[in-house]
Amino acid sequence: MKTLINKIKLENKKVLYVEDDDDIRESTIVTLKLFKMDVIVAKNGLDGIAAYKENQNIDVLLTDIKMPKLDGLSMIEEIKKFEPTLPTVVVTGHTELNFLRKAIELGVSSYVNKPIDIYQLRDALIKSIEPYLLKTMLLQKNKELEILNKELELKVIERTKALGDINKKLELVASTDFLTNIPNRKYIFELGEKLISISKREKKYFSVLLFDIDFFKKVNDTYGHQIGDEVLKFITSQVTSTLRESDTLGRIGGEEFLILLNGTSKNGLNQLSEKIRLKVQNNPYKNKGILIPVTISIGIASLNQQNNTLKKLYIKADNAMYQAKKDGRNCIRC
Ligand code: GH3
Ligand code: MG
Ligand code: MG
Ligand code: MG
């Protein structure tokens, strides 16, 4: 606030000065020009009203009281009908109560005694335009603040979006298997729980398919762990190519995978299992002259009255898968 007040200057402010006495008028004009004010002059109340109407953006009205044709207070009364907030200073030799009371009623901001003292005049003018200027300055500051706030708001929105993007990426990273780029164990089990509850509510088919690579240890032992990794990626792509949009393949262990089959019946499950088994069996891994035949053992389970949670379906499929291993591998059990 203090800095704003310090900024208030009379320089370039437009003053309408009304005075009938030639000597007083001429000397006061010199003073007002000394303040570097823009001075509009009138010699009586009527001329003052005319000058007010002719000129725009008058900052302050400075007027004598006793004048021919129309006195200062009547002139103020008239002008205030157009602009009630116009800062007004009266110059007066009278200090009678009646004048003062009327002046206050008219909303006169300040007064100056005759003979005019330059400092008193300056103070009176500043005091009268101060609230008015402060108001416009505050409005300006408010506008600037509003703009700043909007800019800040936009930045916050951008940041929030960026954070949202980062969170999404983190979620994706946290739910993805780093080797094969498919859903990991945590994600596939969470998704499975959700899909099962929806399937139960909507009375829709739901099945799971669990598979484990046969004799995978031998692949590692023969060709090395790195080739083993490549085989895992290859099997992932082979199996993915047999699936539909609504199926989700996840890696739940070293060489163990789980597929969630949303909307797939027991019949559909049997057909798909055979398709996957054959796809893997008939497409050996090939790389730089080496050819590695791979097979998988599959265990399957479908949602029904007894097997009604993902955990139960998983246990059922896991037992079936071990049965497939026992029965010689490269086969499907349920
Ligand atoms: P089975 O037919 O009974 O499943 O025999 P298996 O050799 O596949 O089974 P086992 O559980 O004895 O061995 C699995 C092997 O898978 C052991 C481990 O070295 C390998 N393995 C697990 N995770 C990875 C991996 O991320 N990369 C590679 N290269 N090998 C892995
Ligand atoms: Mg007079
Ligand atoms: Mg295994
Ligand atoms: Mg295995």
Side-chain angles (χ1 to χ4, degrees), residues 169-193 196 207-243 247-261 264 269-302 307 309-334:
K169 276 180 195 152
L170 282 176
E171 261 172 43
L172 192 66
V173 167
S175 61
T176 304
D177 173 55
F178 72 95
L179 178 70
T180 56
N181 253 332
I182 60 173
N184 59 19
R185 182 185 182 93
K186 179 175 143 37
Y187 180 79
I188 202 88
F189 274 87
E190 280 170 6
L191 179 66
E193 300 281 10
I196 282 180
S207 300
V208 299
L209 186 156
L210 182 75
F211 71 86
D212 181 288
I213 301 173
D214 297 330
F215 303 121
F216 191 61
K217 207 168 173 301
K218 240 172 93 182
V219 174
N220 278 328
D221 290 349
T222 314
Y223 303 100
H225 211 262
Q226 248 172 329
I227 294 290
D229 281 356
E230 292 309 310
V231 172
L232 284 173
K233 287 197 250 180
F234 175 72
I235 300 286
T236 299
S237 69
Q238 291 296 110
V239 174
T240 301
S241 71
T242 65
L243 300 178
D247 305 333
T248 312
L249 169 67
R251 185 181 178 209
I252 59 167
E255 30 84 78
E256 233 176 89
F257 296 79
L258 183 68
I259 309 174
L260 305 175
L261 300 155
T264 298
L269 176 65
N270 288 332
Q271 283 171 31
L272 178 70
S273 306
E274 186 59 9
K275 195 173 157 193
I276 291 174
R277 190 190 67 78
L278 284 173
K279 179 93 185 178
V280 175
Q281 179 199 271
N282 296 335
N283 294 280
Y285 172 81
K286 291 176 198 143
N287 184 24
K288 291 175 193 157
I290 49 170
L291 193 137
I292 308 172
V294 190
T295 59
I296 56 175
S297 295
I298 301 176
I300 52 177
S302 289
N307 306 311
T309 66
L310 183 70
K311 207 173 173 188
K312 284 180 185 170
L313 283 179
Y314 173 69
I315 290 169
K316 186 135 199 298
D318 196 46
N319 288 336
M321 198 265 289
Y322 273 97
Q323 190 58 49
K325 293 277 184 193
K326 255 196 219 165
D327 292 348
R329 298 177 172 80
N330 191 20
C331 62
I332 304 150
R333 291 294 177 268
C334 59

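Counting convention: from 1, in listed order, for ligands and their atoms alike. Along the sequence shown, residues carry numbers from 1.
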Novice: Will you find, in the side chains of Thr180 and Thr236, an N or O donor that is under 3.5 Å from an N or O acceptor?
Specialist: no
Novice: Numbering the atoms of ligand 1 from 1, which are under 4.0 Å from a heavy atom of Asp212?
Specialist: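 Ligand 1 atoms under the 4.0 Å threshold to Asp212: 4 (O).
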Novice: Just give me the atom name: the N, O or S atom of Glu255 closest to the Mg ion (ligand 4).
Specialist: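 That would be atom OE1.
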Novice: Would you say the Mg ion (ligand 4) has Ile213 as a near neighbour, meaning an N/O/S atom of that residue under 2.8 Å away?
Specialist: yes
Novice: Can a donor-acceptor pair be found, under 3.5 Å and without considering hydrogens, that links the side chain of Asp229 to the backbone of Leu179?
Specialist: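 No; judged by distance alone, with no hydrogens or angles, the pair does not exist.
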Novice: With heavy-atom distances below 4.5 Å as the criterion, would you say the side chains of Pro284 and Ile292 are in contact?
Specialist: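 The answer is no, as the side chains (C-beta and beyond) never meet within the 4.5 Å cut-off.
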Novice: Are Asn319 and Gln323 linked by a side-chain donor-acceptor pair shorter than 3.5 Å?
Specialist: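 There is no such pair between these side chains.
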Novice: Hey, does Phe215 come in under 3.5 Å of ligand 1, counting only N/O atoms on both sides?
Specialist: yes
Novice: Under 2.8 Å from the Mg ion (ligand 3), is there an N/O/S atom belonging to Asp212?
Specialist: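 Yes, within the cut-off.
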Novice: Where the closest heavy atom to atom 24 (C) of ligand 1 is concerned, which of Glu256, Arg251, Lys217 has it?
Specialist: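 Ranked by closest heavy atom to atom 24 (C) of ligand 1, first place is Arg251.
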Novice: Please identify which atoms of ligand 1 are closer than 4.0 Å to at least one heavy atom of Gly228.
Specialist: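 Counting from 1, the qualifying ligand atoms are 29 (N).
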Novice: Would you mind checking if Lys325 and Asp214 are paired as a salt bridge, meaning a charged N to carboxylate O distance below 4.0 Å?
Specialist: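 Yes, charged N to carboxylate O under 4.0 Å.
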Novice: Strictly less than 4.0 Å: does any protein heavy-atom distance to atom 10 (P) of ligand 1 fall in that range?
Specialist: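 No, because not a single protein heavy atom sits under 4.0 Å from atom 10 (P) of ligand 1.
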Novice: Under a 4.0 Å heavy-atom limit, does Lys218 contact ligand 1 with its side chain, its backbone, both, or neither?
Specialist: neither
Novice: Considering the heavy atoms of Gly254, write down every atom of ligand 1 situated less than 4.0 Å from one of them.
Specialist: 22 (C), 23 (N)
Novice: Can you sort out which atoms of ligand 1 are near Asn220, meaning under 4.0 Å from one of its heavy atoms?
Specialist: 18 (C), 19 (O), 20 (C), 21 (N), 28 (C), 29 (N), 30 (N), 31 (C)
Novice: Below 3.5 Å, N or O to N or O, backbone or side chain included: is there any such pair between Ile213 and ligand 1?
Specialist: yes
Novice: Would you please say whether a donor-acceptor pair under 3.5 Å links the side chains of Asn330 and Arg277?
Specialist: yes
Novice: Is the ring pair Phe234/Tyr285 parallel, tilted or perpendicular, if the boundaries are 30 and 60 degrees?
Specialist: perpendicular
